Asker: 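Take a look at the following structure, please.
Since we're looking at a predicted model, the values are computed, not measured.
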Amino acid sequence: MTVRTRVAPSPTGDPHVGTAYIALFNYCFAKQHGGEFILRIEDTDQARSSRESEQAIYDSLSWIGLNWDEGPDCGGAAGPYRQSERSDIYKKFAQQLIDEGKAFYCFATSEELDEMRKQQMAEGLQPKYDGRGLKLSAEEIAANLAEGKPYVVRMKIPESGSFSFTDYLRGEVEIPWEQVDMQVLLKADGLPTYFLANVVDDHLMGITHVFRGEEWLNSAPKLLKLYQDLGWEAPVLGHMPLLRNPDKSKLSKRKNPTSVNYYRKMGFLPEAMLNYLGRMGWSMPDEREKFTLSEMIEHFDMKRVSLGGPVFDVEKLKWLNGLWIREELSDEQLAQRLVEWAYNQETLMSIIPQAKARLDVLSDLAPLAGHFVSGIPEYAPELLTAGKLEEEQVRSLLQMFIWQLEEQRQWDKDTVFAVAKQLSTHLDVKIRDFLEPIFVAITGKTSSTSVVDAMAILGSDMSRARLRFALSHIGVSKKQAKSLDKAYRAYKASW
């Protein structure tokens, strides 16, 4: 048997360090066994998926040094490797499950399901699907289908008992069926959910081992039951510990930059980044801190993964990155890395049009445009509120601007400005006054090149990281966060 593992990220935003972490361990397991590593793109969320995000996935995984044997960009015998291109395959198996009585049609509207959950919560029950679709007669189902009434396909789940399976990392796991919902397999738009798509794809692509985040542990029963319902042998399943912030909370962009591209823009070495991810819950037999990918593969043993939540500490990553710079790079190599990182022709050509009109001598460039090639700028926090807006207004616009930018599928000057203009109008703030604190957050100064152009050049990862840092200067209490969330929901509802 050839060991085949995979990573299947969704192209719906910035490439996450958690994705790189899971990919690395799946990669090492496959290569340590002489096997193959597959990249599959889960783009069934058509509203949020984009080819730009997909390309960012390729770039980030390649940057840290991972190469896949099969994928959308390089092909392979088990393709296509984008789930959006496999919809007919999923429909076939969904219909098979219906015909065999292992799945069923549900015609309930979202409003009806919301009312169902509200009633369950009012009665002190755990909100879950109540099985109403199972009560429909064959005649009612046929009539609804003939009428063209929208539906989803759900899987049948036992009402009592429990499901047991052997987790590669955790041993025997038992989960009561009462904790498992009747999962939607096929959405109303005809596209599959995670569960159906992954089971079908993993089977057809010959995946032998699936190592995924522990947040999916409670969903393992319905995943494995789908294999049983389809008459297939399930791959070995293992649940990796989640990456944590230093305070032990789940790693999130609210407390730590989570985009691989952010660390790339900050000037971390890919070797150090991969090295650090390899230390997340695992260590070399001799406990050495610094090691290469080939050394990790040589000594890799998935059974030695610690189940305690590994802490992703940026300061520790900086320390390790410093070791790589000082111990592995000659002066000539370091100079070349600096050129490749920020002082290359492409980067300079994007900066020069912004800076040229303000240059009298070449040495003006560094103070004028240093924010293009620096990390998080340092500045006096009071600069954020030195303009015409009150602190509460600055807090609101920063938070709502961040949230709105996080939802953008496209990132360019026009998109960023359109978001700023729309939000400034909603907040009844002049665009010039709106951009003052944004300017400080992005450049660290009160005067420089165009802030909107700067955000376009810096990219989504670094721009949002700087905005979050500025918001942390202002501070957001729990009460304020709740109020801002309510205000943002109202803002979106007004569109």
Asker: Is a side-chain donor-acceptor pair under 3.5 Å present for Q399 with Y488?
Answerer: no
Asker: Please report the C-alpha distance between H16 and L251 in whole Å, then the side-chain angles of each, then the deciding distance to 0.1 Å, and finally whether the side chain to side chain contact (heavy atoms under 4.5 Å, CB included) criterion is met.
Answerer: CA-CA 10 Å; H16 200 281; L251 185 67; 4.3 Å; yes
Asker: Name the orientation class of the two ring planes belonging to F93 and W232 (parallel below 30°, tilted from 30 to 60°, perpendicular beyond 60°).
Answerer: perpendicular
Asker: In Å and rounded to the nearest 0.5 Å, what is the CG to CE distance from L24 to M296?
Answerer: 4.0 Å
Asker: Quick check: does any side chain N or O of N321 sit under 3.5 Å from a backbone N or O of L317, one acting as donor and the other as acceptor?
Answerer: no
Asker: For the pair K225 and D229, evaluate salt bridge (Lys or Arg N to Asp or Glu O under 4.0 Å) and give the outcome as yes or no after the intermediate values.
Answerer: CA-CA 6 Å; K225 185 178 186 300; D229 289 347; 3.0 Å; yes
Asker: Is there a donor-acceptor pair closer than 3.5 Å between any side-chain N or O of D130 and the backbone N or O of M116?
Answerer: no
Asker: How many angstroms lie between CG in L307 and CG in L242, if you round to the nearest 0.5 Å?
Answerer: 11.0 Å
Asker: Counting only heavy atoms not in E172, do more than 12 fall under 6.0 Å of its CD?
Answerer: yes
Asker: Is it the case that the side chain of D14 and the backbone of S460 share a donor-acceptor pair, with hydrogens and angles ignored and the cut-off at 3.5 Å?
Answerer: no
Asker: The test is side chain to side chain contact (heavy atoms under 4.5 Å, CB included); show your working for Y105 and L186 and say whether it passes.
Answerer: CA-CA 10 Å; Y105 295 104; L186 209 63; over 6 Å; no
Asker: Please report the C-alpha distance between E36 and K31 in whole Å, then the side-chain angles of each, then the deciding distance to 0.1 Å, and finally whether the salt bridge (Lys or Arg N to Asp or Glu O under 4.0 Å) criterion is met.
Answerer: CA-CA 7 Å; E36 297 160 345; K31 298 307 173 183; over 6 Å; no
Asker: Is it true that atom CZ of R489 has more than 12 heavy atoms of other residues, nucleotides or ligands lying nearer than 6.0 Å?
Answerer: no
Asker: Spell out, as yes or no, whether a donor-acceptor pair under 3.5 Å connects the side chain of S10 to the backbone of T12.
Answerer: no
Asker: Is the NZ or CZ atom of K318 positioned over F268's six-membered ring, under 6.0 angstrom from the centre and within 45° of the axis?
Answerer: no
Asker: Hey, do the aromatic rings of Y21 and Y27 have their centres closer than 6.0 Å?
Answerer: no
Asker: For a side chain to side chain contact (heavy atoms under 4.5 Å, CB included) check, start with the C-alpha distance between L97 and V153, then their side-chain angles and the critical distance, and finish with the verdict.
Answerer: CA-CA 9 Å; L97 291 169; V153 175; over 6 Å; no
Asker: Can you tell me how far apart OH (Y276) and CH2 (W319) are? Round to the nearest 0.5 Å.
Answerer: 10.5 Å
Asker: I'd like to know if the side chain of Q120 reaches the main chain of K128, judged simply by a donor and an acceptor atom lying under 3.5 Å from each other, with no hydrogens or angles considered.
Answerer: yes
Asker: Would you mind telling me which of R170, E214, R212 makes a side chain to side chain donor-acceptor pair (under 3.5 Å) with H239?
Answerer: R212
Asker: Give, for atom CG of L66 and atom CG of L274, the distance between the pair rounded to the nearest 0.5 Å.
Answerer: 5.5 Å
Asker: Evaluate whether atom NZ of K482 has more than 12 neighbouring non-hydrogen atoms of other residues, nucleotides or ligands under 6.0 angstrom away.
Answerer: no
Asker: Is there a donor-acceptor pair closer than 3.5 Å between any side-chain N or O of T208 and the backbone N or O of V3?
Answerer: no
Asker: Looking just at side-chain N and O atoms, do S249 and D247 make a donor-acceptor pair shorter than 3.5 Å?
Answerer: yes
Asker: Quick one: side chains of residues 470-478, donor-acceptor pairs under 3.5 Å with protein atoms, not counting sequence neighbours, listed by atom name and distance.
Answerer:
unit_1, atom_1, unit_2, atom_2, d
S472, OG, F469, O, 2.5
S477, OG, Q480, N, 3.1
S477, OG, Q480, OE1, 3.2

Asker: Just by modelled atom types, is the I22 backbone N or O under 3.5 Å from a matching donor or acceptor in the N26 side chain?
Answerer: yes
Asker: Within the side chain of R466, is there an N or O that forms a donor-acceptor pair under 3.5 Å with the backbone of G375?
Answerer: yes
Asker: How far apart are the C-alpha atoms of E70 and R4, what are their side-chain angles, what is the distance that settles it, and do they pass the side chain to side chain contact (heavy atoms under 4.5 Å, CB included) test?
Answerer: CA-CA 10 Å; E70 301 170 25; R4 285 170 63 86; 2.8 Å; yes
Asker: With rounding to the nearest 0.5 Å, note down the distance linking CD1 in I64 to CG in D59.
Answerer: 12.0 Å
Asker: Walk me through it: do D201 and Q83 pass the test side-chain hydrogen bond (donor to acceptor under 3.5 Å, both in side chains)?
Answerer: CA-CA 8 Å; D201 289 346; Q83 290 184 336; 3.0 Å; yes
Asker: Could you grab the distance from atom CG of L320 to atom CG of D313, nearest 0.5 Å is fine?
Answerer: 11.5 Å
Asker: Which side-chain N or O atoms in residues 278-287 pair as donor and acceptor under 3.5 Å with protein atoms at least two apart or in another chain?
Answerer:
unit_1, atom_1, unit_2, atom_2, d
R279, NE, E289, OE1, 3.0
R279, NH2, E289, OE1, 2.7
W282, NE1, D301, O, 3.3
D286, OD1, R288, N, 3.1
D286, OD1, R288, NE, 3.1
D286, OD2, R288, NE, 2.9
D286, OD2, R288, NH2, 3.1

Asker: More than 12 non-hydrogen atoms from neighbouring residues, nucleotides or ligands closer than 6.0 Å to OH on Y151, yes or no?
Answerer: no
Asker: So does R468 get a backbone contact from the side chain of R464, meaning a donor-acceptor N/O pair under 3.5 Å?
Answerer: no
Asker: Let me know which of R48, R82, R40 forms a salt bridge (charged side-chain N to carboxylate O under 4.0 Å, His left out) with E54.
Answerer: R82
Asker: Would you say R244's side chain and V311's backbone share a donor-acceptor pair under 3.5 angstrom?
Answerer: no
Asker: Kindly state whether the ring of F29 and the ring of F211 have centres lying under 6.0 angstrom apart.
Answerer: yes
Asker: Less than 3.5 Å apart, any donor N or O on the side chain of E42 or N198 sitting next to an acceptor on the other?
Answerer: yes
Asker: Please confirm whether the ring centroid of W68 lies under 6.0 Å from the ring centroid of F37.
Answerer: no
Asker: When you look at D99 and Q95, which way does the side-chain hydrogen bond (donor to acceptor under 3.5 Å, both in side chains) test go after all the steps?
Answerer: CA-CA 6 Å; D99 294 342; Q95 190 61 52; 2.9 Å; yes
Asker: Consider only side-chain N and O atoms of D412 and Q410, and report whether a donor and an acceptor are under 3.5 Å apart.
Answerer: yes
Asker: Would you find more than 12 non-hydrogen atoms of other residues, nucleotides or ligands less than 6.0 Å from E174 atom CD?
Answerer: yes
Asker: Please check if atom NZ in K303 has more than 12 non-hydrogen atoms from other residues, nucleotides or ligands closer than 6.0 Å.
Answerer: yes
Asker: Does a salt bridge link E52 with R409, judged by any charged N lying under 4.0 Å from a carboxylate O?
Answerer: no
